[in-house]
Amino acid sequence: MNEYSRYKEKSIYSMSGAEQLLLLFDEAIKRLIRAEQSLKDKNYGDFEDCLKRTTRIIRYLTDILDMNYPISRDLRRIYIYLVYDISVVSAGRERRQEEIGRIRHILSELRDAFDGASRQVNDMHIPVQREIRG
């Protein structure tokens, strides 16, 4: 492993859970943008690879949901729908090209919502007063 790879791996491990989540959304969005460009360029191998990677990211997001929270069921349904929609795009290629932008928009909205929630939680963090005894 080269130095850059070690640095990148170390920086990922030092991120908070919220930062890692945002990184996953950013990567999925980036892959969809690349898939759109690859489809325009008729680079079907890269197009398929980008959709597969996006699908893996969304499936991972599904797997890490804490189902003890009611919102997790809604998120799970959204993620399952997105995986399905990506498979339809993959099968239809040019006929379903406009769907990529819609999928990207949904992921962007989810990313922004998680980012806002994370910021709100961090802003609400109030240090606990400790009683000094002795």
Side-chain angles (χ1 to χ4, degrees):
M1 187 182 306
N2 65 28
E3 291 297 317
Y4 176 73
S5 295
R6 273 186 274 228
Y7 168 76
K8 193 173 173 182
E9 184 177 320
K10 186 177 179 181
S11 68
I12 289 172
Y13 286 127
S14 66
M15 290 179 166
S16 70
E19 290 170 327
Q20 290 176 0
L21 185 65
L22 294 177
L23 185 65
L24 287 169
F25 277 108
D26 289 341
E27 184 63 25
I29 292 164
K30 183 175 82 173
R31 291 290 172 174
L32 289 172
I33 291 168
R34 187 169 157 186
E36 284 180 302
Q37 187 58 48
S38 295
L39 188 57
K40 287 178 188 172
D41 296 342
K42 301 204 183 294
N43 183 349
Y44 298 120
D46 191 51
F47 170 76
E48 292 293 331
D49 182 59
C50 289
L51 293 184
K52 283 180 188 175
R53 288 177 183 240
T54 303
T55 299
R56 284 187 5 215
I57 291 169
I58 295 171
R59 284 193 174 135
Y60 177 75
L61 291 170
T62 305
D63 290 345
I64 64 172
L65 286 172
D66 183 348
M67 297 309 288
N68 291 320
Y69 296 99
I71 193 166
S72 295
R73 287 186 288 280
D74 295 331
L75 287 170
R76 185 175 183 275
R77 282 192 290 255
I78 292 169
Y79 293 153
I80 290 170
Y81 168 75
L82 291 174
V83 168
Y84 169 77
D85 213 17
I86 290 170
S87 70
V88 170
V89 169
S90 180
R93 288 192 183 157
E94 281 93 355
R95 291 177 298 167
R96 307 295 272 171
Q97 182 177 359
E98 70 282 352
E99 294 292 312
I100 298 172
R102 197 173 57 74
I103 295 166
R104 192 178 71 243
H105 176 74
I106 292 169
L107 285 174
S108 295
E109 291 289 319
L110 287 170
R111 185 223 181 269
D112 292 346
F114 278 112
D115 186 32
S118 171
R119 290 174 193 265
Q120 191 173 18
V121 167
N122 287 335
D123 289 344
M124 291 175 50
H125 180 72
I126 301 169
V128 176
Q129 293 284 347
R130 299 274 182 197
E131 208 177 291
I132 301 174
R133 294 184 182 191

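In what follows, residues are counted from 1 in the order of the sequence shown. The shown structure was predicted, so the numbers you read here are calculated from the model rather than taken from an experiment.
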>> Quick one, I100 with F47, criterion side chain to side chain contact (heavy atoms under 4.5 Å, CB included). Give me CA distance, side-chain angles, the key distance, then yes/no.
In response: CA-CA 11 Å; I100 298 172; F47 170 76; 3.7 Å; yes
> Passes side chain to side chain contact (heavy atoms under 4.5 Å, CB included), Y79 versus V83? Steps please.
Replying inline: CA-CA 6 Å; Y79 293 153; V83 168; 5.6 Å; no
>> Checking I58 against L107 for the side chain to side chain contact (heavy atoms under 4.5 Å, CB included) test, could you report, in this order, the C-alpha distance in whole Å, the side-chain angles of both residues, the deciding distance, and whether it holds?
In response: CA-CA 9 Å; I58 295 171; L107 285 174; 4.2 Å; yes
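Taken to the nearest 0.5 Å, the CD atom of E48 stands 13.5 Å off from the CZ atom of R53. With values rounded to the nearest 0.5 angstrom, L61 atom CG is found 6.0 Å from L21 atom CG. Within the model, atoms CG of L51 and OG of S87 stand 10.0 Å from one another, a figure rounded to the nearest 0.5 Å. Taking CD1 of I78 as the start and CD1 of I106 as the end, the distance is 8.0 Å to the nearest 0.5 Å. Atom CD of residue E99 and atom CG of residue L82 lie 11.0 Å apart, to the nearest 0.5 angstrom.
In this structure, the side chain of T54 engages the main chain of C50 through a donor-acceptor pair within 3.5 Å.
For F114, the ring pair (Phe, Tyr, Trp, His ring centres under 6.0 Å) partners are F25, not counting sequence neighbours. The side-chain contact (heavy atoms from CB on, under 4.5 Å) test applied to D26 returns R111, not counting sequence neighbours.
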Just list the side-chain donor-acceptor pairs under 3.5 Å for residues 31-39, sequence neighbours left out, or say none.
residue: R31; atom: NE; partner: E27; partner atom: OE2; Å: 2.9
residue: R31; atom: NH2; partner: E27; partner atom: OE2; Å: 3.3
residue: R34; atom: NE; partner: D46; partner atom: OD1; Å: 3.4
residue: R34; atom: NE; partner: D46; partner atom: OD2; Å: 3.1
residue: R34; atom: NH2; partner: D46; partner atom: OD1; Å: 2.8
residue: E36; atom: OE1; partner: R104; partner atom: NH1; Å: 2.3
residue: E36; atom: OE2; partner: R104; partner atom: NH1; Å: 3.2
residue: Q37; atom: NE2; partner: D41; partner atom: OD1; Å: 3.1
residue: Q37; atom: NE2; partner: D41; partner atom: OD2; Å: 3.3
residue: S38; atom: OG; partner: R34; partner atom: O; Å: 3.0
residue: S38; atom: OG; partner: D46; partner atom: OD2; Å: 2.5

Scan the side chains in residues 64-71 for donor-acceptor partners under 3.5 Å anywhere in the protein, sequence neighbours excluded, and list what turns up.
residue: D66; atom: OD1; partner: N68; partner atom: N; Å: 3.1
residue: D66; atom: OD1; partner: N68; partner atom: ND2; Å: 3.1

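For D115 and R119, the salt-bridge test passes: some basic side-chain N is under 4.0 Å from an acidic carboxylate O.
Residues Y84 and V89 form no side-chain contact, since every pair of their non-hydrogen atoms from C-beta on lies 4.5 Å or further apart.
Sorted by first and then second residue, the salt bridge (charged side-chain N to carboxylate O under 4.0 Å, His left out) pairs with a member in residues 70-82 read D74-R77; sequence neighbours excluded. Counting only residues at least two apart or on different chains, the salt bridge (charged side-chain N to carboxylate O under 4.0 Å, His left out) pairs with a member in residues 83-92 are D85-R102.
Under the 4.5 Å side-chain heavy-atom criterion for ILVMFWY residues, no single connected hydrophobic cluster contains both I57 and I80.
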